[in-house]
Structure formats: C-alpha cells, structure tokens
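Take this structure, written in structure tokens, and hold onto it; I'll ask about it next.
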Amino acid sequence: MADDATAPPPPADAPVADVAPSAEGSTAADRLLHWIDLTLGAWRPREAASQLACRLGVDLGPGLPDDVQLSPVTVGLRAIDIDAIGDPVALQCHDDARRIADALPAAATVAVLAPRYGLPLGTFNDWFLHFLRRFAVSLVLLGDEPATVMARSAFERRKDMTAPSPGIALGSARPDQQATLRFFPGLLPRAIMERAGIEPERFALIPVGDDRYVIPPAYRDLDPLSAAARIDTMEELEAHDVGFAAFGQSFCTAHFADSERLSRLARGAFHSGEIDLARSLATRARNVARTPDAAAAADLIRQEIRLYQRRFNEIVANAEPSRRAPARIRDRLSAYRLRAEIESGSPDKHPAGLQAVIDRLDAGAADSEDLDLLCRHVARRVAIEAGDSTAALATKITAATVAAKDDRLVYLAMMNGAAIARKRGDRGGERIALRAAFATNDGSRGLAEIVGMNVLLARSEAEPTGEAAARAWLRSGLAWLACDPVEAFPFETSELILGTGSVPRTELDHSISALLSAGLGRALPSVAEEAKGHEPRLSVRSSGGQDGASRLIGVPGAAVLWGPQAADSPLVASPARQRLTALVWAAITQSCKAGEKPGTGTILVDTNLGRDIPASKDEAASVALRVGVEHVLFGRERITLDSVLRPRYIADLKVGLSPAVARIDDMAGALRVAFRRHLAEIEVTGPEADLLGPLRERDRLQLGSLAVLVGMPISETERRLRGLEVRRIVRVEVDSG
C-alpha cells in the first residue's frame, strides 16, 4: 500500500466522510506515536525538535539567540573562540535530540511527514533527526526522501503506517479556512485555528500538547510556488507567527514582498542557526529589492552567510553594490570580499584592499578586525609559500596583537609563527610558538582544543617515536574519543589535523580516529602489537566530575577515571575508533599487574579543568581529590585516598589563580573576574571574594595557610575553593615538587 503522504491528495471539493478521528493518545499505540509535520518544509529554527517538545512537555531551553551580539553563529573576532569549541548548530541539535530521546518512551515511534514540492528539510531538522536516530529512536518517514547532508538516511520505511487522513473536504470550508489548512506550515496553533473558526474534529486535526494541531497532509494539495495570489490573502497571519511570516514572504507575489522584512527574517534565522532558511530568505530579499539600500542590505546578509559557510568563491563572484547604497554597507561588503579572497587561498599575494590594511598596521592604526584579517592572510600565505616577506609581516602582526592585549589574536599570530618555524625545519621554534599559542586558552580549553594542541605538539617533536611524542599522541587520542558529538568538531582544528577541509563531518570519526591510531601506533609499537586484534568492551566519554568513577588509572603522560558500569554509547564505533580505543587502553594499562586491569566499563576523560588530560602523578592525584575517587593506580604506584589519608593531602594542596584569569577588578562589594578566552566575566562576592584577596597578592598558597589567613575551617575553605575551581577562577593542586 502506498503511503498517504505520497499519494495524490483528493480534490478540494471531493466528498470525504465526516468521521471524527480518535484523539492522539486515545490508545496505547497512539500514545507511542509522535508526529513531526514538515510537509511544507521548515520555516522556524528547531522545527522538528520544537514539535516533539510540545507533544512531550520537554523544555529544550532557549536555543541559539537571534541577536547578532549574542549568537554563536557569527563571523569575525567572536568566531575565533566559538569555532574552537565546535559547530554551534550541531551541538544544539545534539542537545535537543538527547533531551527528546530521554523523554520518549522506549517503544515510541516518531513519524515524519516529509516535505513536499521540493521544499527543504532544514539545517536544524537534518542534524536533529540524525542525532535522534543515534539515540536509538525509531524514525519513520511518510513521503519522498528529502535531501540530506548526512552519509545515510536516518529514516525507516513501514508499510503498516500511513499519514493522518483528512476530515471534511476542503471545498466545504470557507476560503480563509482552506488557505490556513493548505498553507500554514508546521503545527497549527490553537489561536490561529480558532481565529479561522476551524473545528479540529471536523477537519480531523490531531492535537499535539495543549495548543497545537497536526494538519492532515492531504489538505496540503497546492504547491505554494503556484499559489502566490492565495497566499497574498493571508498577509494578516504574518504578524501572529514568525514561521508563517517567513513562508508568506517567500511565496507571496513580488508586489507584496517586503525586502527589508525578508532581510530581518533572514538575519534572525541565520543567527538562530537555520542556515538554509536564512539563505533562501536573503535571496528572496535581494530578488524583490526595489531600492539600492534594500539590495545592499540583502547582499550584506547573503555575504555574511556565505562567509560563515566558507563559500568564498560565491562571495567573490557577487556583484558589487550600487554606488547609491549606504557607505557603511559598501565598506562592510568590501571587507567580506577581501576576507573571502584571502581565505580562499588565492595565489594573488595582494588582493584589492589588503595594502590599505597593511598600511594601517605600519602606521600603528590597525584595529582588531585588521589584525584578524592579517593573521588569516599570513596563514594562507604560509600554506602556499613561506618567504621572507611573509615572515617579516608575521613578526609585525605578532607585535601588534600582543600590544592589543587580545588573546584571540595572539593565538592566531603565534599559530602562524609555529607554521613558519615548521616550514623552516625549526622544530624547537615551532614548539615554543605552539606553547605560546595554547597558553592563551590554558585553563579554559575544551576537548577539541586539547586534541589539536597535542597533535601539533606530537608532530613538532624531532623524534616521532620519542617519549614526548608518544605521550602527546596518547592524550590527543583520549580527548578525541571523549568528543561528543564528533560531527561538531571544529572545522579549523580538523583542517589542521587532517591537512584538508574537504572531509565531510559525517566522515570525521573515521578519518581522525585513523590518523590518531597511526600516530600512536608509530610512537608506541609495543603497545600497538599488544592491542592488535583486541576490541575492548569500553565506552569513552567526557567526565563531568560527578560520574561515580571508582578509580583513576594512569601512566606518565595520561591518566583517566574509570567507571565500572559500561555506559551505552550512542555513537556506533567504526573500526578506526575501535582500533584507537584499544590502543589508548593498552597504553594506559600497560603497567597494570595481572588482575588489576579492569574489563568492561567506561573510560571517563577529565580535562583537568581546561588544561589537558592529566599527565603526571601530581595531576592525577589532584583530579582524584577533586572528584572524590579513593583508588589511584599511576604506573606501578598505588595510592588510596580514603578518609584517613585524604585530609593529610588537603591542608598541603597548593592554591593559586587559574591561568585562564586575565584580571580581577574591584567592584562595589564584589570582585569581577575577566578571563583570557572563552569564558564570560563573573562577579564573586562574600566568602569566595575573601578567598581571592590573598591569592591576588601571592603566586600560590597552601590551602591550610589560606584557611588561617581568612579565618575559615579547612573543610569549609576547600568546599568554597572547589566552587571557584569549577568556575575556572582558581586551581587547587597537589604539588609534591
């Protein structure tokens, strides 16, 4: 039997039995069936996730803000830190999928009404459904398979499932009711349904949550591209729903289309992470623009989207704006074009506009955007050739970034210095530059940054099979295995590691796991031999610090927490990932005595509060004390941090400000802590602020001495310091040296 969603819809005036369907949830089967209506495509960010959340009563959180000042979907200086963490859209979709999967009953099925008329699935929906399937949620598609960027479809096909049947024929309804049922995309809000006088029982609408309804797809019987005049009559609804505003403005006649409103909608969609929708709206805005100002404004958002998507050739090919367009927009468009010419790796050493930026650098007048652009120019020139002129320019830029006191720019400049040193064969200079670059995020590094840092440090070693290289490969492998989702791994970090930006994100796991396995296998051939043919029954994930770990296991170079219960991993382990897991586990447990090596369980990777995988015995003990683990196996040494021994360590712990802290400013009744990278400013008050006072004046103090200085019991001092430590303001560490 053909799916109802793919069968031709009945004519608008065809007689249909006036039978009220059972309400959703009326039977056990209905309660396990959850609809997502994408029949008319996606016109709101998080459309699929929001529909399921409405049905399940799940709070998805605020999502990505559409405010340009706050959204992580951005370009320019703010993007440096954002890009280092990972793709914000993939991260948001993964979080949404996790929340929805947790709320769905075990036997639930999600039925997706597929887009018709060639309308898009949408960026958010694509990633969300991909991750939802990873969490073992059954996804059934009713309709034609939509285009997707994923390696394989997330959907199943089930012959026993059909789309919801319609109620009365559309021809029996008023024109405004017909228009609403045909062209309102997604779930129909109760307020709009009641406004049109639509009775849900008569039209067989399916209730979702308290105030939304699924419209049977048979009512969607007209391609919106051929129904502009009908959509014109629905203009009033645009004020009541942002999704319909985007839909209506896209398909109404050009006479009624508002280019400025379309540009605003496009910008909001872009910063909310719905990239495909933003591109479509911005293109429509450009096509219907009636003035040079409106055309330039549409071009501005189009170019910004292209820059974010790294479509550099499209930016360069875009026509120049009218001379009658506002100067500020023309200047911005010129800046985007210059950035695109630089980022595309053009062999042209001096694209138009670059010399003016260099002149400002020489005059000491270069601003942060200039320095960002120049750093990227040097990076591309070094990739092509590292001549003396490029090195001289890089030296000037480095001095300017240090003077600007912006650690994001210092990071870019130092990474260029490392690349230049590597091209010259100066491995020592390369390591010095790399350590200076990564000093900017010390104490605030994420897993992806730890992967990249250790790969680059391993490659910078003169002896690829030496101890330092082996330890760096081991830490990079552990950090990579703990990254989740791997599809969100930062583009620029993957490009640095793999040497290319052309690997699809759905293939990153195989490519990076294979590269790290090869590096670790070369550095530790005996471990590689031991791991050959082994597939340990392990899962690997990031430690949240409160994971119920039973012990800490490590060797010089890397230590991990261990949980006895295997956690179900939603990531299907590729052969390359299995190989890497076997290698890192063999390396970690190589010194374990017979019977000490744990079997099935969970490796919990701790970043030592944003520094790196703990590598020394002191670092391992520091982590164990912080998370409350009693049993530590480090190399051949065994430590039991029980209720007797633990207090002896606590008083001698060394306390100091985290390297992530840039400065601490005095406020009225509070202290304001600013960080070098990644982290937002924090205000500290009360006893915590009192603890910071002595630490601002001294490098480090023993915890016991600090407790005496502030007149606080040691146990209370430690408790409050741990709160500051989690916020990356202080570090509390074992220091036996």
Does atom CG of Asp331 have more than 12 heavy-atom neighbours, drawn from other residues, nucleotides or ligands, at distances under 6.0 Å?
yes
Exercise. Given Phe489 and Cys483, is the side-chain contact (heavy atoms from CB on, under 4.5 Å) satisfied, shown in steps?
Worked result: CA-CA 8 Å; Phe489 196 74; Cys483 287; 4.1 Å; yes
Under a 4.0 Å threshold between the charged nitrogen and the carboxylate oxygen, would Glu320 count as salt-bridged to Arg337?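 Yes, charged N to carboxylate O under 4.0 Å.
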Tell me, yes or no, whether the heavy-atom count around Arg310 atom CZ, taken from other residues, nucleotides or ligands under 6.0 Å, exceeds 12. yes
Only residue of Tyr117, Phe183, Phe256, Trp43 satisfying ring-ring contact (aromatic ring centres under 6.0 Å, His included) with Phe251 is Trp43
Tell me whether Arg44 is salt-bridged to Glu274, with the criterion being a basic N under 4.0 Å from an acidic carboxylate O.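 Here Arg44 does not pair with Glu274 in a salt bridge, since their nearest N and O are not under 4.0 Å apart.
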Side-chain donor-acceptor pair under 3.5 Å between Glu341 and His377, yes or no?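 No pair is found: no donor N or O on one side chain lies under 3.5 Å from an acceptor on the other.
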> Are the charged groups of Arg311 and Glu343 less than 4.0 angstrom apart, N to O?
Replying inline: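 A salt bridge is absent here (no side-chain N lies under 4.0 Å from a carboxylate O).
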Salt bridge or not between Glu314 and Arg279? Use side-chain N to carboxylate O under 4.0 Å. yes
How about Pro166 and Ile215: do any of their side-chain heavy atoms sit closer than 4.5 Å?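 Sidechains of Ile215 and Pro166: no contact.
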On a heavy-atom basis, the closest approach of Ile301 and Ala282 is CG2-CB, 3.7 Å
Measure from the side-chain N and O atoms of Ser71 to the backbone N and O of Asp67, and report whether any donor-acceptor pair falls under 3.5 Å.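 A pair under 3.5 Å: no.
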Check: Using a distance-only test with no angle check, is there a side-chain donor-acceptor pair under 3.5 angstrom linking His130 and Glu487?
Finding: yes
### Query
Honestly, is Arg677 close enough over Tyr411, meaning NZ or CZ under 6.0 Å from the six-membered ring centre and within 45° of the axis?
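Yes, cation above the ring, under 6.0 Å and within 45°.
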On a heavy-atom basis, the closest approach of His271 and Val73 is ND1-O, 2.8 Å
Exercise. In terms of side-chain geometry, is the basic nitrogen of Glu236 or Arg195 positioned less than 4.0 Å from the acidic oxygen of its partner?
Worked result: yes
Checking side-chain polar atoms at under 3.5 Å, does Gln92 have a donor or acceptor matched by the opposite partner on Asp96?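 Note: Gln92 and Asp96 side chains meet the donor-acceptor criterion.
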Check your understanding: Is Glu260 atom CD crowded by more than 12 heavy atoms from other residues, nucleotides or ligands, each under 6.0 Å away?
Key ->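 Result for CD/Glu260: open.
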Rounded to the nearest 0.5 angstrom, the CG-OG distance for Leu393 and Ser389 is 8.0 Å
Under a plain distance cut-off of 3.5 Å, with no hydrogens placed, do Arg306 and Gln309 share a side-chain donor-acceptor pair? no
_CG on Asp126 to CD1 on Ile275, rounded to 0.5 Å_ =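 Answer rounded to 0.5 Å: 12.5 Å.
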Main-chain N/O of Arg174 paired with Gln177 side-chain donor or acceptor, under 3.5 Å: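 The answer is yes, because a donor-acceptor pair under 3.5 Å joins these two groups.
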- [ ] Can you see which heavy atom on Cys375 is nearest to which on Ala413, and at what distance?
- [x]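 Of all heavy-atom pairs spanning Cys375 and Ala413, the closest is SG-N, 3.9 Å.
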- Query: Yes or no on side-chain hydrogen bond (donor to acceptor under 3.5 Å, both in side chains) for Gln178 and Arg182, after CA distance, side-chain angles and deciding distance?
  - Reply: CA-CA 6 Å; Gln178 293 183 30; Arg182 277 178 171 137; 3.2 Å; yes
Less than 4.5 Å apart, any side-chain heavy atom of Ile80 and any of Asp372?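 Side chain of Ile80 against side chain of Asp372, heavy atoms only: contact under 4.5 Å found.
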OG1 of Thr39 to CG of Leu113, rounded to nearest 0.5 Å, is 4.5 Å
| said: Tell me whether Arg505 is salt-bridged to Asp87, with the criterion being a basic N under 4.0 Å from an acidic carboxylate O. | reply: yes
(Q) I'd like to know if the side chain of Asp232 and the backbone of Thr253 have a donor-acceptor N/O pair within less than 3.5 Å. (A) yes
Over all heavy atoms of both residues, which pair between Ser272 and Asp66 is shortest? Give the atoms and the distance, please.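 Nearest pair, atom of Ser272 first, then Asp66: OG-CB, 3.3 Å.
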Carboxylate-amine/guanidinium proximity below 4.0 Å for Arg408 and Asp81: no
For Asp370, does its backbone N or O pair with a side-chain atom of Asp367 as donor and acceptor, under 3.5 Å? yes
I'd like to check Pro72 versus Pro65 (side-chain heavy atoms, cut-off strictly below 4.5 Å). Are they in contact?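 A side-chain contact under 4.5 Å exists here.
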| Do the rings of Phe244 and Phe184 sit parallel, tilted or perpendicular, given the 30° and 60° boundaries? | parallel
Are there more than 12 heavy atoms of other residues, nucleotides or ligands under 6.0 Å from atom CG of Asn313? no
| said: Assess, by modelled atom type and distance only, whether the side chains of Asp359 and Gln355 contain a donor and an acceptor separated by less than 3.5 Å. | reply: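 Side-chain D/A pair, Asp359 to Gln355: present.
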**Asked** Under 4.0 Å between a Lys/Arg side-chain N and an Asp/Glu carboxylate O for Asp407 and Arg676?
**Response** yes
Q: Identify the heavy atoms of Ser368 and Leu77 that sit nearest to each other, and give their distance.
A: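 Where Ser368 meets Leu77 most closely, the heavy atoms are CB-CD1, 3.2 Å.
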Quiz prompt | Nearest atoms (heavy-atom pairs only) where Val137 meets Ala101 | solution =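 Where Val137 meets Ala101 most closely, the heavy atoms are CG2-CB, 4.0 Å.
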d(Thr291 OG1, Arg324 CZ) to nearest 0.5 Å is 9.0 Å
- Considering only NZ, NE, NH1 and NH2 on the basic side and carboxylate oxygens on the acidic side, decide whether Arg190 and Glu194 come within less than 4.0 Å.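 Between Glu194 and Arg190 there is a salt bridge, with a charged N closer than 4.0 Å to a carboxylate O.
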Checklist entry - Do Ser494 and Val503 have side chains that get closer than 4.5 Å, going by heavy atoms? => result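 The answer is no; the side chains never approach within 4.5 Å.
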- Query: Per the side-chain hydrogen bond (donor to acceptor under 3.5 Å, both in side chains) rule, which among Arg284, Glu235, Arg261, Glu238 passes with Gln249?
  - Reply: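 For Gln249, the side-chain hydrogen bond (donor to acceptor under 3.5 Å, both in side chains) check succeeds only for Glu238.
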**Message:** Using side-chain heavy atoms (C-beta onward) and a distance below 4.5 Å, is Leu132 in contact with Ile100?
**Reply:**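 Leu132 reaches Ile100 side chain to side chain.
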How are the rings of Trp127 and Phe131 set to each other: parallel, tilted or perpendicular (split at 30° and 60°)? parallel
For Tyr213 and Ile206: C-alpha separation, side-chain torsions, deciding distance, then whether side-chain contact (heavy atoms from CB on, under 4.5 Å) applies. CA-CA 5 Å; Tyr213 293 84; Ile206 299 176; over 6 Å; no
Q | Arg381 vs Ile342, side-chain contact (heavy atoms from CB on, under 4.5 Å): CA-CA, chis, key distance, verdict | A | CA-CA 9 Å; Arg381 296 313 310 165; Ile342 288 171; over 6 Å; no
- Message: In the structure I gave you, are the side-chain heavy atoms of Ile198 and Thr180 within less than 4.5 Å of one another anywhere?
- Response: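 Heavy-atom side-chain distance check passes, below 4.5 Å.
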Heavy-atom check, side chain of Leu498 versus side chain of Leu508, under 4.5 Å: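 Of all side-chain heavy-atom pairs linking Leu508 with Leu498, at least one is under 4.5 Å.
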*asked:* In the structure I gave you, are the side-chain heavy atoms of Glu449 and Thr493 within less than 4.5 Å of one another anywhere?
replied: no
Take Leu170 and Leu181, measure what side-chain contact (heavy atoms from CB on, under 4.5 Å) needs, and give me the verdict at the end. CA-CA 8 Å; Leu170 273 182; Leu181 294 170; 3.7 Å; yes
Item checked: Rounded distance [0.5 Å steps], CG in Asp406 versus CG in Leu371 ->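 It is 8.5 Å, given to the nearest 0.5 Å.
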* To do: Run the salt-bridge test on Arg220 and Asp37 with the 4.0 Å N-O cut-off and return the result as yes or no.
  => yes
### Message
For Asn125 and Glu47, which I'm curious about, is there any donor-acceptor pair between the side chains at under 3.5 Å?
### Response
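Short answer, no.
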